[in-house]
2 protein chains.
Amino acid sequence: MHDGGVEQLAEQLREAGHRLTAPRRAVLTVLAEATEHLPADRIHELAAAHTPEVNLASVYRTLQLLGELGLAHEVRLGDGRGYWELAHGEDAYHLHCLRCRSVTHHAGDTVRQVRAHLGDAHGFRAESVDLVVHGVCAACQHEA
Amino acid sequence: MHDGGVEQLAEQLREAGHRLTAPRRAVLTVLAEATEHLPADRIHELAAAHTPEVNLASVYRTLQLLGELGLAHEVRLGDGRGYWELAHGEDAYHLHCLRCRSVTHHAGDTVRQVRAHLGDAHGFRAESVDLVVHGVCAACQHEA
DNA sequence: ATCGGTGCAAACAATTTGCATTAGA
DNA sequence: TCTAATGCAAATTGTTTGCACCGAT
């Protein structure tokens with residue numbers, strides 16, 4: 001997750017017919033450097049380091065755009081807000097540790113199985129699967 | 001569905017050391033009669049029919065209490081708000097139809113399997129599993 | 001030179017809270 | 001009676017929007 005990633009994403013923005021602006025580059029950089037899922041206000045804070053004066057509204061607008069382009073993805077943890085991450089090959093689920101508040105995503109068959117099951121059993125055509133598991137991660141269990 | 005259910009829930013409230021008030025009874029009645037998942041403001045509207053003057057704040061307070069007592073359960077669909085339903089034997093997932101906006105819950109092994117998988121593969125102790133699948137339900141697919 | 005994007009401030013929507021009053025037990 | 005619970009209104013929080021100005025293409 002060095003700057004190369006950002007350049008590539010920036011390119012995708014441009015290719016989709018959007019302008020590459022300072023706020024957008026700042027948000028992309030923050031997301032690319034992030035090791036965890038970030039809410040908009042946190043992204044705003046971090047972006048301010050790169051590019052002072054980025055406005056929170058622009059962060060929201062950028063995130064929405066990135067979401068529409070499929071470059072970023074929003075996760076809802078149950079509290080009101082949205083947490084963002086760069087898109088990774090979909091069909092992942094999230095483990096939300098209630099103790100250390102960490103959120104990790106995991107790919108795997110799990111979600112695919114759920115999807116398959118639904119089509120068979122309920123004739124439901126799944127568009128997207130939101131699977132968030134709240135609990136206590138392995139690390140936190142040890143230091144209990 | 002009929003008032004018997006409400007009486008039983010009311011009893012559980014009292015047993016837990018809480019007072020049985022008009023707003024609380026109204027919310028319980030609405031939830032018991034509901035055939036779908038309701039957001040707080042909708043519950044407020046419907047409760048007003050039974051008991052005029054119930055305040056929206058009281059609806060929120062009641063819902064929170066019912067949640068803590070395990071009598072009701074909140075579902076997050078991804079839009080900002082919470083949708084409520086009476087507690088049914090847990091471990092269900094929700095199918096959210098993007099076309100008709102319906103939300104149906106289904107019990108079954110699915111969630112239990114996810115739970116088991118997590119413990120084995122990641123040492124994660126699952127407390128609650130939120131599985132919401134967005135897509136198009138069977139009914140809506142037919143009339144496409 | 002355009003017109004998409006930004007900053008700013010005000011608007012919104014969902015939910016929460018402080019406080020004086022009311023009513024369940 | 002005595003304290004939990006309510007109504008009301010104001011405060012919070014997360015997110016969106018209108019609009020005049022600015023800058024990427």
Side-chain angles (χ1 to χ4, degrees), chain A residues 6-7 9-30 37-48 50-69 71-84, chain B residues 6-7 9-30 37-48 50-69 71-84:
Chain A
V6 173
E7 288 313 319
L9 291 163
E11 190 49 40
Q12 294 193 52
L13 255 189
R14 247 198 247 90
E15 274 169 19
H18 298 279
R19 294 181 182 172
L20 181 53
T21 65
R24 285 177 179 168
R25 170 163 263 135
V27 169
L28 283 176
T29 304
V30 169
H37 300 60
L38 305 171
D41 58 333
R42 192 90 190 80
I43 294 176
H44 178 229
E45 271 175 38
L46 295 171
H50 292 282
T51 313
E53 289 215 21
V54 261
N55 189 273
L56 180 56
S58 295
V59 171
Y60 275 106
R61 284 186 280 231
T62 299
L63 290 173
Q64 184 167 315
L65 176 62
L66 295 179
E68 284 163 9
L69 296 180
L71 301 180
H73 186 246
E74 185 182 23
V75 185
R76 296 272 178 173
L77 297 181
D79 60 350
R81 58 191 158 195
Y83 292 80
W84 292 83
Chain B
V6 173
E7 287 313 317
L9 291 164
E11 190 49 41
Q12 295 194 51
L13 255 189
R14 247 199 248 90
E15 274 169 19
H18 298 278
R19 294 180 184 174
L20 180 54
T21 64
R24 286 177 179 170
R25 170 164 261 134
V27 169
L28 284 176
T29 304
V30 168
H37 301 59
L38 304 171
D41 59 333
R42 191 92 191 77
I43 294 176
H44 177 229
E45 271 175 37
L46 295 171
H50 292 282
T51 312
E53 289 215 21
V54 262
N55 189 273
L56 180 55
S58 295
V59 171
Y60 275 107
R61 284 187 278 230
T62 299
L63 289 173
Q64 184 166 316
L65 176 62
L66 295 179
E68 283 163 9
L69 295 180
L71 301 180
H73 187 246
E74 184 182 22
V75 185
R76 295 272 178 175
L77 298 181
D79 59 351
R81 58 191 158 196
Y83 292 80
W84 293 83

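Below, all heavy atoms of this structure are taken into account, side chains as well, without hydrogens, waters or symmetry copies. Throughout, a chain's letter reflects where its sequence line sits, starting with A, and its residues are numbered from 1.
Under a 3.5 Å cut-off, the side chain of A:Arg76 and the backbone N or O of A:Gly80 do form a donor-acceptor pair.
Screening B:Leu38, B:Asp41, B:Val59 against B:Leu46 for a side chain to side chain contact (heavy atoms under 4.5 Å, CB included) leaves a single residue, B:Leu38. Each of A:Leu69, A:Thr62, A:Leu63 was evaluated against A:Leu65; a single residue qualifies, A:Leu69, per the side chain to side chain contact (heavy atoms under 4.5 Å, CB included) test.
Distance, A:Glu11 CD to D:dT25 C1': 13 Å, rounded to whole Å. Between B:Leu63 atom CG and D:dT6 atom P the separation is 11 Å, expressed in whole Å. The interatomic distance linking B:Arg42 (CZ) with C:dT15 (P) rounds to 15 Å, in whole Å. For the pair B:Asp79 CG and C:dA13 P, the interatomic distance rounds to 13 Å; values are reported in whole Å. Here the P atom of nucleotide C:dT16 and the NE2 atom of B:His44 are 15 Å apart, to the nearest Å. The interatomic distance linking B:Leu13 (CG) with D:dA4 (P) rounds to 15 Å, in whole Å.
Taken from CG in B:Leu56 to CD1 in B:Ile43, the straight-line distance is 10.0 Å, to the nearest 0.5 Å. Residue A:Glu7 holds its CD atom at 8.0 Å from OG1 of A:Thr29, rounded to the nearest 0.5 Å. Distance check: B:Glu11 CD to B:Leu20 CG gives 9.0 Å after rounding to the nearest 0.5 Å.
Distances from the side chain of A:Pro23 to the nucleotides D:dT6, C:dG7, C:dA25 place C:dG7 closest.
Side chain B:Arg19 to base D:dA5: no donor-acceptor pair is found below 3.5 Å.
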message = Between A:Leu71 and A:Gln12, does the side-chain contact (heavy atoms from CB on, under 4.5 Å) criterion hold? Intermediate values first, please.
response = CA-CA 9 Å; A:Leu71 301 180; A:Gln12 294 193 52; 3.2 Å; yes

Stepwise side-chain contact (heavy atoms from CB on, under 4.5 Å) test for B:Val27 and B:Val54 = CA-CA 9 Å; B:Val27 169; B:Val54 262; over 6 Å; no

request  = Report the secondary structure of DNA chain C in dot-bracket form, marking unpaired bases with a dot and bases paired to a different strand with |, and treating Watson-Crick or G-U pairs with both distances under 3.5 Å as paired.
outcome  = ||||||||||.|||.||||||||||

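The closest side-chain heavy-atom distance from A:Thr51 to A:Arg25 is not below 4.5 Å.
For B:His18 and D:dA5, the shortest distance from a side-chain N or O to OP1 or OP2 is below 4.0 Å. Within the 4.0 Å cut-off from OP1 or OP2 of C:dT6, at least one side-chain nitrogen or oxygen of A:Thr21 is found.
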task = Summarise how protein sits on nucleotides 11-18 of chain D as a single string, 5' to 3': B when a protein heavy atom is under 4.0 Å from the base, S for sugar-phosphate-only contact, - for no contact.
result = ---SBBBB

